[in-house]
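Working notes, beginning with the structure itself.
Note that ligands are numbered from 1 as they come in the structure, with each ligand's atoms numbered from 1 the same way. Values below: every heavy atom of this structure, side chains too, minus hydrogens, waters and symmetry copies.
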Amino acid sequence: MKLLITGASGLLGINLALEAMREHEVIGVDRGRLQSAPFEVIKTNFFNNHAFDAMLDSAQPNWVINCAALANLDECEKHPDQAKILNVNLARDLAEDCMKRKIKLIHLSTDAVFDGTKQGAYTEEDEPNPQNIYAQTKLEGEQAVRDTYPQAIIARVNFFGWSLSGRRSLAEFFFNNLGEGRNVNGFTDVIFCPMWVTHLSQMLIAMLEHNLSGLYHVVGSQAIDKYRFGLEVARRFGLREDLILPMSVEDSDLTAKRSHNLWMSVHKLSTDFGLEIPDFSTGLDGFYTQFQQGYPQKIRSYQQ
Ligand SMILES: NC(=O)c1ccc[n+]([C@@H]2O[C@H](COP(=O)([O-])OP(=O)(O)OC[C@H]3O[C@@H](n4cnc5c(N)ncnc54)[C@H](OP(=O)(O)O)[C@@H]3O)[C@@H](O)[C@H]2O)c1
C-alpha cells in the first residue's frame, strides 16, 4: 500500500514512516526539516497551503495518516490562531479531500480532550471537557473530521520515543537531564497511559489493514504517573533516580492547564482487534534497545 504521512518530521511522523516502510511505500509531507530521509518527501507548509487536491492526485496514496499539528501545549496558548489552522482547519480540509477520493484516513487526537476528573479510565463514550487551547482545538479537529468523513479513524494517543530534535518526548526529557546530572521535576498527580511510538505505529498500520473506522483510544495498557514514568526511564538506562523530585503539577510554572487523570480505556481497541495492547514496560525495553542500536543518531541524521 502507499501511505502518505503529514508531519513526517514530528515525533510520531518520523517513527511511523520508518516502521511503515518495512512493508509499505511511504511518502512524507514536511515543511523543510527533513533532508536525507529514506522515503519520498513532499515539501509543503500548511500555514500557506491547504490545497491537498494536487498533492493527493499526484501521490495517489491508499492511506493517509495526519500527524501534522501544533502539539506544544504552551505554544497553543500563545498562538491560538495557529493552533486553529493546524489542529482544526487542516484536519477538516484533509478529511474532505480524502473522503472525495475514498482514501482511508487516520487523524491523530489526544487524551488531553478530557478534564481528568473521572475516577477510573476514560472510554470513547465519555464526554470530553478540554482544559486548554491545545485540547480545545484537538477536540474541534476530531469533530470536524467526524462530521466530514465518518469512515475516518480518529485515534486519541499518548506516546514516547526518540525524536528528530532529541527533545520532543517526555522519555527524552528524563534521559537528557538525568544523563547530564540535572534535577528534574516529576509530577505525581498526572496519570497517563504512554505507548512506545513504534508500538503505536504498528497499531495504526494494523488499524488501517483491519479497515477500522471511528473513534479509538490508542494508548498503552498501563496507567502510570509522570514521576513514576521518570523513575522507570532512569532505572532502564541506569541513571540516577534521586535526581527526580516528586511534585504536584499545580506547583509547576507550565502555562497551559493540565488534566490530572488521563487513564484511558483500551477495551474498544483490544475487542475490535482481538489483540493484546502492548504495555509500558515492553515499550520501554524497545525504547532502550533502540538506544543501544544507535537509532536516535540515525533519525537525527535525517534533518537539515
Ligand atoms: N506527543 C504525544 O505524546 C502526543 C500526545 C497526544 C496527542 N498527540 C498528537 O499526535 C500527533 C503527532 O504529535 P507529535 O508529538 O508527533 O507532534 P510534533 O512532534 O510536534 O510534530 C508535529 C508535526 O507537524 C508539523 N507541522 C507543524 N506546523 C506545520 C506547518 N505549518 N506545515 C507543515 N507541517 C507542520 C511539524 O513540522 P516541523 O517539524 O517543521 O515543525 C511536525 O512534523 C498530533 O496530532 C498530536 O496532537 C501527541
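Taking the ring centroids of Phe187 and Phe229, they lie at or beyond the 6.0 Å cut-off. Aromatic pair Phe174/Phe237: ring centres not closer than 6.0 Å. A distance below 6.0 Å separates the ring centres of Phe273 and His210.
By the 4.0 Å heavy-atom criterion, Ser163 is excluded from the residues contacting ligand 1. The shell of residues lying under 4.0 angstrom from ligand 1, judged by heavy atoms, excludes Val29.
Only the side chain of Leu86 comes within 4.0 Å of ligand 1, judged by heavy-atom distances. Neither the backbone nor the side chain of Pro194 comes within contact range of ligand 1; no heavy atom lies under 4.0 Å.
Of the protein's non-hydrogen atoms, the one nearest atom 12 (C) of ligand 1 is Cys67 O, 3.5 Å. Atom 22 (C) of ligand 1 has as its closest protein heavy atom Ala69 O, 3.7 Å. For atom 6 (C) of ligand 1, the closest non-hydrogen atom of the protein is Val157 O, 3.0 Å.
Looking at Thr148, Asn66, Thr6 one by one, the single match for side chain to side chain donor-acceptor pair (under 3.5 Å) with His107 turns out to be Asn66.
For ligand 1, the atoms closer than 4.0 angstrom to any heavy atom of Phe46 are 30 (C), 31 (N), 32 (N), 33 (C), 34 (N). Close contacts between ligand 1 and Leu12 involve ligand atoms 16 (O) [criterion: under 4.0 Å to a heavy atom]. For ligand 1, the atoms closer than 4.0 angstrom to any heavy atom of Leu108 are 10 (O), 11 (C), 45 (O). Which parts of ligand 1 touch Tyr134 is read off a 4.0 Å heavy-atom cut-off, strictly below it: atoms 6 (C), 7 (C), 8 (N), 9 (C), 46 (C), 47 (O). Residue-ligand proximity, Thr110 to ligand 1, at heavy-atom distances under 4.0 Å covers atoms 6 (C), 7 (C). Each of the atoms 30 (C), 31 (N), 32 (N) of ligand 1 lies under 4.0 Å from some heavy atom of Asn45.
Cluster annotation: Leu284 is connected to Met203 through the hydrophobic network of ILVMFWY side chains, with a link wherever side-chain heavy atoms come within less than 4.5 Å. Under the 4.5 Å side-chain heavy-atom criterion for grouping Ile, Leu, Val, Met, Phe, Trp and Tyr, Leu212 is connected to Met1 within one hydrophobic cluster.
Taking any N or O of Gly7, backbone or side chain, at least one lies under 3.5 Å from an N or O belonging to ligand 1. Ligand 1 has a nitrogen or oxygen under 3.5 angstrom from a nitrogen or oxygen of Ser9. Looking at Ala71 next to ligand 1, no N or O pair under 3.5 Å apart turns up. Taking distance alone, with nitrogen or oxygen atoms compared against 3.5 Å, Lys138 approaches ligand 1 more closely than that limit. At least one N or O atom of Gly10, backbone or side chain, sits closer than 3.5 Å to an N or O atom of ligand 1. Where the criterion is an N or O separation shorter than 3.5 Å, residue side chain and backbone included, Phe159 meets it with respect to ligand 1. Polar contact check, Arg168 against ligand 1: a nitrogen or oxygen pair lies under 3.5 Å apart. Residue-to-ligand polar distances place Arg31 within reach of ligand 1: an N/O pair is separated by less than 3.5 Å.
Note that CD of Glu75 and CD1 of Ile133 are 12.5 Å apart. Values are rounded to the nearest 0.5 Å.
Ring-plane geometry between Phe291 and Trp162 is classed as parallel, the angle between the planes falling under 30 degrees on a 0 to 90 degree scale with a further cut at 60. By the 30° and 60° cut-offs, the orientation of the rings of Tyr122 relative to Phe114 is parallel.
Counted by atom type alone, Glu142 and Ser109 present one or more donor-acceptor pairs between their side chains at under 3.5 Å. Donor-acceptor pairing under 3.5 Å is recorded for the side chains of Ser248 and Asp189. At a cut-off of 3.5 Å, with distance as the only test, no side-chain donor of Thr282 or Asp285 sits close to an acceptor on the other residue.
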List the steps, then state whether side chain to side chain donor-acceptor pair (under 3.5 Å) holds for His24 with Glu209.
CA-CA 11 Å; His24 304 285; Glu209 288 167 350; 3.3 Å; yes

